[in-house]
2 protein chains.
Amino acid sequence: MTHPFQELIDHLPANARSELSLAKGEFLFRQQQPAAAIFAIISGRIRLFRDLPDGSSVTLHVARSGETFAEAALFAENYHCHAQAELETKVMRLNSRPLLEAIALHKDLGLHLSQILAAQVRDMRAMLCLRDIRSADERLLAWLRMKARGEQMNVAIDRPWAGISEELGLTKEAVYRSLTRLQREGLIERADRQGRERSEVIRLMRRP
Amino acid sequence: MTHPFQELIDHLPANARSELSLAKGEFLFRQQQPAAAIFAIISGRIRLFRDLPDGSSVTLHVARSGETFAEAALFAENYHCHAQAELETKVMRLNSRPLLEAIALHKDLGLHLSQILAAQVRDMRAMLCLRDIRSADERLLAWLRMKARGEQMNVAIDRPWAGISEELGLTKEAVYRSLTRLQREGLIERADRQGRERSEVIRLMRRP
DNA sequence: CATTACCTATGATCTCGATCATATGACTCA
DNA sequence: TGAGTCATATGATCGAGATCATAGGTAATG
């Protein structure tokens, strides 16, 4: 599944979706425009931000590859923020009209949409909770524990640490240092799967 | 509206909901138990956390007055975490069975649930975005801008700063200091509505 | 009215993570 | 083969925010 809507899309008429390409700096939609669709990012990056009456603006979200955004636009008359590509970006567009019609017709779809959103809420609450942990070591450890799968408590790292650091709200340097500290204290073990796949496996050590 | 489900509840049969009281330390549900309901907090505080195979545990969320939680339980066989009261707590319980039945019957409800969840996703993304701002001054300012209503860019503060600091991921001391700095720099004005209502109004000053 | 509790506010100190700099290995590609 | 890029480190320094301490103001309580 490349993005959360994948399964939903399979149950939609073909006219409900389309693919768009945006140049760097191009706007996907603008604040106040009539809301007509929701989106998922195929590649690239889109910044959502709002202009305020005093002339300033606030960033509301930066959506990256695989993420969805503007879901709330399904229920609004107008977009409440701008969406601007920070890079050359490809997005999947799901038109509100046919989407709502499909949901009205086939009630499972409505529940499925709720399910997708509920999962996002759950995951984001967990990320917010992580950010409440001040210590870099503790925060990284908690993140690893959340990601760990199976009795062995292994975590496969399949992307650069720089991206993970951002997700954690830390710099990459802080994360590298935490990794070496956690390893030195015997809380994790690092296995360089450096062959072929360039992915690393972290094993969490039993010690509460 | 005291909590996000309020409107939803009005459209549900009476048997779908009930109110529970929990003593401090009491568990509302436990990991692995069959998932049978979702919840909204009336008063108090509930911590959601997961036990891991290695004997450790991670906190996934701390739900407070007015918040909902365990929405994903609607779509799961079992609860994936524990829910324990950190204080004496009252919760509203919405049973999954009648809720799902009501949604199947009356499709607007399914959309309404999606709407509630989409709004939460939107708000939480904004909070996560805030946390990416390192400077206390900038973070507080961005928060105020998000909260500001009307051309006047006023923000009514109707609860102690300690709670707001937590939401911002700062200590109350850091927030107090930021407030005085922002005021000294002319970026905000503070009006002590100290009569009766004990609420304060922050006005954001025009200056990008 | 005295006591307590809580919110607001500010000072002093210190720690940890941000920042800047540098190095090394792996991979790409011209 | 060498230049360029990127991910992975690690060292040095600095500052912002955490932490601890203290104090005044207001509201609630008996």
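Labels below follow one simple rule: chain letters A, B, ... track the order of the sequence lines, proteins then strands, and each chain is numbered from 1.
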Length of the CD1-P vector between I133(B) and dA16(D), whole Å: 16 Å
Using every non-hydrogen atom in the two residues, find where R134(B) and T171(A) come nearest and quote the distance to one decimal. NH2-CG2, 3.9 Å
Are the side chain of S178(B) and the backbone of A174(B) linked by a donor-acceptor contact shorter than 3.5 Å? yes
Any side-chain heavy atom of L52(A) within less than 4.5 Å of one from V58(A)? yes
Distance, rounded to the nearest Å, where E173(A) contributes CD and dA23(C) contributes C1': 14 Å
Whether Y176(A) contacts dT8(D) is assessed here as follows: a side-chain N or O lying under 4.0 Å from the phosphate OP1 or OP2. Is that the case? yes
Quick check on the helix from dC1(C)-dG30(D) to dA30(C)-dT1(D): what's the angle between its two end axes, five base pairs per end, to the nearest 10°? 40°
At a heavy-atom distance below 4.0 Å, what parts of residues 160-172 of chain B sit against DNA chain D? G169(B), L170(B), T171(B)
Taking NZ, NE, NH1 and NH2 as the nitrogens, is one of them in E71(B) or R125(A) under 4.0 Å from a carboxylate oxygen of the other? yes
Give the rounded distance in Å between these two atoms: CD of E200(A) and P of dG25(C). 18 Å
Students often mix this up, so state it plainly: with edges at 30° and 60°, are the rings of F27(B) and F49(B) parallel, tilted or perpendicular? tilted
Can you tell me how far apart CH2 (W161(A)) and CD (E167(A)) are? Round to the nearest 0.5 Å. 11.0 Å
In whole angstroms, how far is the P atom of dG17(D) from the CG atom of L140(B)? 11 Å
Which heavy atom of Y79(A) sits nearest to which heavy atom of A36(A), and what is that distance? OH-N, 3.3 Å
I need the CD-C1' distance between Q183(A) and dT10(D), as an integer number of Å. 14 Å
Nearest-Å distance for atom pair CG/C1', residues D137(B) and dA16(D): 10 Å
Determine yes or no for a side-chain-to-main-chain donor-acceptor pair under 3.5 angstrom, with S165(B) supplying the side chain and V175(B) the backbone. no
Pick the nucleotide of DNA chain D nearest each of L179(A) and R177(B); which residue has the one closer to the 5' end? L179(A)
Take the protein atom CD of E138(A) and the nucleotide atom C1' of dG17(C), then report the distance between them rounded to whole Å. 15 Å
Table of protein N/O atoms under 3.5 Å from nucleotides 14-16 of chain C N/O atoms:
none

Whole-Å distance separating the CG atom of D158(B) from the P atom of dT8(C): 12 Å
Indicate, with a heavy-atom threshold strictly under 4.0 Å, whether R190(A) touches base, sugar-phosphate, or nothing. sugar-phosphate
Do L140(A) and L168(A) have side chains that get closer than 4.5 Å, going by heavy atoms? yes
With rounding to the nearest 0.5 Å, note down the distance linking CE in M205(A) to CD in Q183(A). 10.5 Å
Take atom CZ of R97(B) as the centre, draw a 6.0 Å sphere, and report whether it contains more than 12 heavy atoms from other residues, nucleotides or ligands. no
Examine distances only and state if a side-chain atom of H82(A) and a backbone atom of Q31(A) form a donor-acceptor pair shorter than 3.5 Å. yes
Do the side-chain N or O atoms of R181(A) get closer than 4.0 angstrom to the phosphate oxygens (OP1, OP2) of dA9(D)? no
